[in-house]
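Report on one structure; see the data block that follows.
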Amino acid sequence: MLDIKYIREHADEIRRGAQAKRIVCDVDRLVALDSRRRELQLQLDQLRQQVNEMGGQVGLYRNLKWYEKQGLNKEQAEQKANELQTQLADIKQRIKSLDDEESRVLPEFEQLMLTIPQPPDPEVPLGEGEGGDEIRRWGEPRTFDFEFKDHVQLGQQLGILDLERGVKLAGSRNYVLMGDGARLYAAVLRLAGDLLIERGYRAMQVPVLVKESAMYGTGYFPTGREQAYLCERDELSLVGTAEVPLTALHSDEILNEGELPKRFFAQSCCFRREAGAGGKDTYGLYRVHLFDKVEQVILCRNDREESRRFHAEILQNAEDMMQKLEIPYRVLNIWTSDLGMGQVQKFDIEAWMPSRKSYGETHSASRFYEFQARRLNLRYKTGDKKNHYCHTLNNTMIALPRVLIPLLELNQLRDGTVMIPSALRPYMNGQERLTPS
RNA sequence: GGGGAGGUGGCCGAGCGGCUGAAGGCAACGGUUUGCUAAACCGUCAUACGGGAUCAAACCCGUAUCGGGGGUUCGAAUCCCCCCCUCUCCGCCA
């Protein structure tokens with residue numbers, strides 16, 4: 001959410017931003033509702049002021065000590081009071097009708113406020129459709145001097161992946177990992193967490209079934225509603241990322257400036273319906289309904305330069321993780337047309353996946369400035385006792401099982417066994433290789 | 001799931017239906033005093049929105065907010081109804 005005053009005064013900029021993001025929103029309608037809303041408030045405030053003042057008078061005219069002091073007798077005072085009450089009844093009628101109008105205008109206004117996207121930063125490339133400009137690469141895509149296998153073949157031959165039973169249990173886009181597969185999965189997550197702990201990030205364990213306010217606050221609702229699993233009778237939603245509970249953790253709070261920045265991470269289950277994905281990426285472990293992710297979240301001061309620095313930091317953390325895993329990747333500066341409602345800039349990391357013969361997205365690092373903090377009512381107080389909205393940022397540290405695709409495929413040997421990258425071996429009891437079990 | 005108790009400002013804690021945005025205390029901040037610290041004293045000390053003033057702020061005015069919503073009343077933190085949450089006893093249970 002943006003500041004209505006800012007929208008009012010920079011309507012053009014907002015319109016251009018929405019255009020660049022390819023997001024449809026009605027700025028004119030919003031501005032019109034805003035001015036009507038302010039007129040109504042002004043009138044209502046004035047009428048309420050009258051009511052308060054006259055109401056106080058009524059009280060006085062009913063107060064024996066007071067009206068005797070004014071030299072009035074009971075009848076005179078009573079009559080004054082009644083007169084006032086008659087006038088009040090009239091004013092309250094007017095309040096009622098204005099109030100009715102306000103209660104029609106406000107919900108629409110608030111609804112529209114939630115649909116206004118934040119303009120992208122200038123360094124974001126203008127684009128069309130999904131994607132971004134490649135800004136760097138690390139590592140070389142591996143070439144094979146033998147017929148390589150994809151992660152599904154490898155997983156099945158090693159006896160660590162069972163897609164059929166996953167589907168039997170839970171429908172399409174589900175899977176089961178066994179033995180070394182499950183161990184490897186856990187090992188990657190632990191490595192990611194340990195790396196972040198080393199760097200001063202605070203480990204968190206958070207709810208993954210959250211109230212709608214958290215979904216709205218982080219910007220996933222109302223637009224992304226289709227993508228979420230809802231537990232409707234309890235009015236709760238399963239989160240698609242720990243970004244939601246972590247970013248909303250301090251919602252409706254006023255932090256002290258000294259507490260910032262807050263560097264968090266959480267490993268959590270992530271639930272995504274993949275509605276609209278249609279038949280896309282149905283093969284293997286690429287796009288599944290339930291996965292695990294270690295997510296980084298930073299809450300910092302309201303300072304764009306600071307936000308940028310932290311953005312670089314969380315991106316670096318993820319790149320370092322990929323380097324530890326020895327997975328070649330590239331980093332994209334995502335186009336305006338592929339940015340979400342609140343994001344001002346987003347960098348994706350894509351890992352080389354032999355079976356896809358391409359880079360595939362494994363990470364997404366976004367910064368939001370105040371956008372989420374405003375929706376969440378997440379603020380901090382400075383030394384001069386002023387309140388400011390925080391800035392929020394997040395990035396994947398690692399997400400599984402997707403990263404198992406390059407991890408298995410890139411490290412396979414001719415005989416179908418898979419070498420374990422050395423950074424993971426300590427988490428696998430020193431095991432160096434996956435062999436059929 | 002059933003029975004009790006309770007939800008007031010950063011915290012604790014008062015609060016006859018009008019003069020209570022809310023006593024008092026603590027914490028915090030500014031100041032006086034002081035060799036330093038402590039103590040003492042004085043002052044400040046919720047948030048949002050709107051209006052006015054301004055280059056902008058400071059500032060001035062108003063409205064709303066005492067868990068949330070609705071009602072009674074000229075007037076509600078205070079009375080009534082519904083909901084939510086916390087604590088506690090019982091039952092159930094990873």
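Chain identifiers are assigned alphabetically (A, B, ...) following the order of the sequence lines, protein sequences preceding nucleic acid strands; residue numbering begins at 1 within each chain.
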Exercise. Who is the Watson-Crick or G-U wobble partner of B/rG18, with both distances under 3.5 Å?
Worked result: B/rC74
For this session: Determine the interatomic distance between C1' on B/rG68 and the same-named atom on B/rC85; round to the nearest Å.
Result: 10 Å
For this session: Could you please name the partner base of B/rU86, counting Watson-Crick and G-U wobble pairs only when both distances are under 3.5 Å?
Result: B/rA5
For this session: Could you let me know what B/rC93 is paired to, Watson-Crick or G-U wobble, both distances under 3.5 Å, or none if it's on its own?
Result: none
Exercise. With rounding to whole Å, what would you report as the distance between B/rG9 and B/rA22 at their C1' atoms?
Worked result: 9 Å
Exercise. If we take the C1' atom in both B/rG7 and B/rC83, what is their distance in whole Å?
Worked result: 14 Å
Exercise. Can you find a side chain N or O atom of A/N63 that sits less than 4.0 Å from OP1 or OP2 on B/rG18?
Worked result: no
Exercise. Using purine N1 to pyrimidine N3 plus N6-O4 or O6-N4 for Watson-Crick, or N1-O2 and O6-N3 for G-U wobble, each under 3.5 Å, what pairs with B/rA57?
Worked result: none
Exercise. What pairs with A/D292 under side chain to side chain donor-acceptor pair (under 3.5 Å), at least two apart in sequence or on another chain?
Worked result: A/Y185
Problem set entry | ring-ring contact (aromatic ring centres under 6.0 Å, His included) against A/Y61, all qualifying residues, sequence neighbours excluded | A/W66
Exercise. Does anything in residues 68-83 of chain A pair up under salt bridge (Lys or Arg N to Asp or Glu O under 4.0 Å), and if so which pairs, sequence neighbours excluded?
Worked result: A/R62-A/E78
For this session: Under the side chain to side chain donor-acceptor pair (under 3.5 Å) rule, collect the residues that match up with A/Q87, sequence neighbours excluded.
Result: none
Problem set entry | side-chain contact (heavy atoms from CB on, under 4.5 Å) involving A/L290 - partner list, sequence neighbours excluded | A/C269, A/F271
For this session: Round to a whole Å and report the spacing from CG of A/L47 to C1' of B/rC74.
Result: 16 Å
Problem set entry | Inter- and intrachain pairs under salt bridge (Lys or Arg N to Asp or Glu O under 4.0 Å), touching residues 252-261 of chain A, at least two apart | A/E257-A/R301, A/E259-A/K262
Exercise. When you measure from the side chain of A/D150 to the backbone N and O of A/V152, does any donor-acceptor pair fall under 3.5 Å?
Worked result: yes
For this session: Give, ordered by number, those residues of residues 78-114 of chain A having at least one heavy-atom distance below 4.0 Å to an atom of RNA chain B; if nothing qualifies, reply none.
Result: A/Q85, A/L88, A/K92
Exercise. Please give, in whole Å, the distance from B/rC19 P to A/E53 CD?
Worked result: 14 Å
Problem set entry | Under 3.5 Å on both distances, the Watson-Crick or G-U partner of B/rA40 | B/rU32
Exercise. Rounding to the closest angstrom, what is the interatomic distance between B/rG25 and B/rG15 at atom C1'?
Worked result: 15 Å
Problem set entry | Sole residue of A/L112, A/I4, A/I7, A/V105 in side-chain contact (heavy atoms from CB on, under 4.5 Å) with A/D34 | A/I4
Seminar exercise, completed: As its Watson-Crick or G-U partner within any shown strand, both distances under 3.5 Å, B/rA48 has B/rU63
For this session: Heavy atoms under 4.0 Å is the rule here; annotate nucleotides 46-55 of chain B 5' to 3' with B where the base is hit, S where only the sugar-phosphate is, and - elsewhere.
Result: -SSBSS----
For this session: For B/rC11, give its Watson-Crick or G-U wobble partner with both distances under 3.5 Å, or none.
Result: B/rG25
Problem set entry | Set of side chain to side chain donor-acceptor pair (under 3.5 Å) partners for A/R225, sequence neighbours left out | A/E212
